[in-house]
Amino acid sequence: MTNTKKPSTQAVSALVAYWIALGGPDKCSISDLAKGVKKPRGTVSDWINKLAPEYGIALPKKSDPVFDAVAGEKASVEDELKYQVATLKTQLTAYQKEELTARYVRTKIMGLAETTPTPPSWLVESKATMSSPGVPTLLASDWHFGEVISPAQIGGVNSYNLEIAHERAKRMILTAIDLLNNHMVNPKYPGIVFALCGDMVSGDIHDELKETNDIPLIPTVIDLYGVLIWCVETLATAFGRVFVPCVTGNHGRNTMKIRAKDRAFTSFDWMIYALLEKHFANDKRITFQIPEGPDALYSIYGHRYLLTHGDKLGNGGDGMIGALGPVLRGDHKKRSRNHQIAMGYDTLVIGHWHQLVQTSRVIMNGSLCGMNEYSYQCNFPFEQPKQALWITHPKMGITFSMPVNVGEVNKVTEAPWVAVK
């Protein structure tokens, strides 16, 4: 072909539509069309004769009466309708080829509602009494389902595989329910937020993961899907209502590098979320928020949260303060951007860094998998596998923060309640 760079379907369809407007092959030759669009004849010929059929774009036929109206000659109503239909078909072809939007994926592929529902009313109505704790949020991220962590390679401090992942996921849900219902005064909640913050699967983004993961990626996705169904159902039974905001991570992608365009549609995280929403479509207790982009913005009693995975906040970190440096700098830039577009927030909620830090401005999650060979080799601080849990009060904002330890429970030995050397 004359051009080395392939034009888009929209560009080719626009050229065909322009050709139709000029009268098609009966009234306008390829040479005249090339002059009209100021392109080389060979390029226009390639677009018409090669790319249009390849893209499935219908070309006008010679001696078709549909073009009489364009040429200024008298045409019947039937001919005019044919012309309109031909034009609409061209536009529709371009739309179907180029527009892989959330609306198309949700409605045609996943069979979901046209738009993601807004956060439920119980998150914003402050009818709770001052004696009620508020709305709890359980943050789930960095489960790395499918990853195998060998204790022999990290000094025996951690072990992880699918069997352990199942145990920790179950322990996370049951421990959170126990903390909220049995260790709080007047534990009456309007519901619970179960935030899914990405990197739910280990993925095949590195050769070492592809070679050492417990099972292949697709079976892992199916396995995790079943586990998350149980998690959401159990929380709905315990708290009555569940709001599930979801964002994608960087591990679940099916591309070599993380993408800015169509990030959601190249992520197995997003696919799992969409399947979950479809599974619970008829359950009025459960509401999902699954954005196209990397961020989910919602509020609880007026306290604004921005949920994002955290992989784009910055790189590296200081040897003394670890991830806090890039995270706080990234939060500052994100706050500035969001303020400029009227999407301000009070608290940034992230995963990715596998370190649990809970402050009023930033809540950074731990992980389900715990220390692995990569973090051990890079001399990152050791941290037990844990997930964040906190409560948002209708008047006082974030109050109780309760880390949910999901690692193996140690046996309690007899000891005084306090001891001094």
Side-chain angles (χ1 to χ4, degrees), residues 101-107 109-125 134-143 189-200 224-225 228-229 231-233 235-236 239-249 252 262-265 267-312 334 338 341-352 363 365 387-392 398:
T101 61
R103 174 177 169 271
Y104 181 83
V105 174
R106 288 177 61 83
T107 58
I109 299 178
M110 306 302 299
L112 299 172
E114 184 167 320
T115 57
T116 299
T118 56
S121 58
W122 55 267
L123 283 179
V124 296
E125 294 174 353
V135 174
T137 297
L138 178 60
L139 179 60
S141 76
D142 304 281
W143 285 18
Y189 310 99
I192 188 171
V193 176
F194 184 43
L196 303 179
C197 198
D199 277 8
M200 305 306 290
L224 175 59
Y225 170 57
L228 285 172
I229 287 176
C231 292
V232 175
E233 286 181 342
L235 290 173
F239 299 100
R241 292 179 291 194
V242 186
F243 173 56
V244 191
C246 311
V247 293
T248 59
D262 291 336
R263 171 175 172 138
F265 307 137
S267 171
F268 287 101
D269 286 337
W270 186 89
M271 186 179 77
I272 294 170
Y273 304 153
L275 289 171
L276 286 171
E277 184 180 3
K278 184 173 185 178
H279 177 84
F280 290 107
N282 297 321
D283 194 329
K284 302 302 181 183
R285 303 172 301 168
I286 301 162
T287 306
F288 284 81
Q289 181 187 10
I290 309 175
E292 287 184 62
D295 302 340
L297 184 65
Y298 60 94
S299 64
I300 302 177
Y301 295 142
H303 189 98
R304 301 165 301 173
Y305 290 99
L306 183 72
L307 179 71
T308 192
H309 182 62
D311 55 297
K312 293 301 179 183
K334 189 175 282 287
N338 274 39
I341 56 177
M343 296 178 66
Y345 61 89
D346 301 302
T347 302
L348 179 68
V349 180
I350 63 172
H352 184 66
I363 295 176
N365 205 20
Q387 303 277 263
L389 172 66
W390 71 93
I391 293 177
T392 307
I398 297 176

Practice task
Verify, without hydrogens or angle tests, whether R241 (side chain) and P190 (backbone) share a donor-acceptor contact under 3.5 angstrom.
Solution key: yes
Problem - Closest approach of D142 to H352 (non-hydrogen atoms, all atoms of both residues) - result: OD2-N, 2.9 Å
Fill in the blank from the handout: Separation between OG1 (T287) and CD (E277), nearest 0.5 Å, reads 9.0 Å
Practice task
Please lay out, stage by stage, how V247 and D295 fare under the test side-chain contact (heavy atoms from CB on, under 4.5 Å).
Solution key: CA-CA 6 Å; V247 293; D295 302 340; 5.7 Å; no
Practice task
Kindly assign one of parallel, tilted or perpendicular to the pair H279 and Y225, based on the angle between their ring planes and the thresholds 30° and 60°.
Solution key: perpendicular
Practice task
Go through the steps to decide whether W143 and L196 satisfy the test side-chain contact (heavy atoms from CB on, under 4.5 Å), and finish with yes or no.
Solution key: CA-CA 10 Å; W143 285 18; L196 303 179; 5.8 Å; no
Handout entry: Atom pair CZ/CG of F194 and L138 - distance to nearest 0.5 Å
Key = 5.5 Å
Practice task
Show your reasoning for whether side-chain contact (heavy atoms from CB on, under 4.5 Å) applies to L224 and F268.
Solution key: CA-CA 11 Å; L224 175 59; F268 287 101; over 6 Å; no
Exercise for the section: For residues V244 and L276, determine if any side-chain heavy atom of one lies less than 4.5 Å from a side-chain heavy atom of the other. Expected result: no
Problem - Nearest non-hydrogen partners of T248 and A264, listed with the distance - result: CG2-CA, 4.3 Å
Handout entry: Interatomic distance, D269 atom CG to H309 atom NE2 [nearest 0.5 angstrom]
Key = 8.0 Å
Problem - Gap between atom CG of L306 and atom OG1 of T347 - 0.5 Å precision - result: 10.0 Å
Exercise for the section: Output yes when a side-chain donor or acceptor of Q289 lies under 3.5 Å from a complementary backbone atom of L297, and no otherwise. Expected result: yes
Handout entry: Donor-acceptor contact below 3.5 Å, side chain R263 vs main chain P294
Key = no
Problem - Nearest-0.5 Å distance, OG1 of residue T392 to OH of residue Y301 - result: 9.0 Å
Problem - Nearest-0.5 Å distance, CZ of residue F239 to CZ of residue R285 - result: 13.0 Å
Practice task
For L389 and P136, work out which heavy atoms get closest and say how close.
Solution key: CD1-CB, 4.5 Å
Handout entry: Beyond-backbone contact of V242 with F280, side-chain heavy atoms, under 4.5 angstrom
Key = no
Handout entry: Closest approach of G351 to S141 (non-hydrogen atoms, all atoms of both residues)
Key = CA-OG, 3.7 Å
Exercise for the section: Kindly determine whether L139 and L307 satisfy side-chain contact (heavy atoms from CB on, under 4.5 Å), including the steps that lead there. Expected result: CA-CA 10 Å; L139 179 60; L307 179 71; 4.0 Å; yes
Practice task
For Y345 and N338, work out which heavy atoms get closest and say how close.
Solution key: CD2-ND2, 3.8 Å
Handout entry: Where I363 and A388 come nearest, the two heavy atoms and their spacing
Key = CG2-CB, 4.2 Å
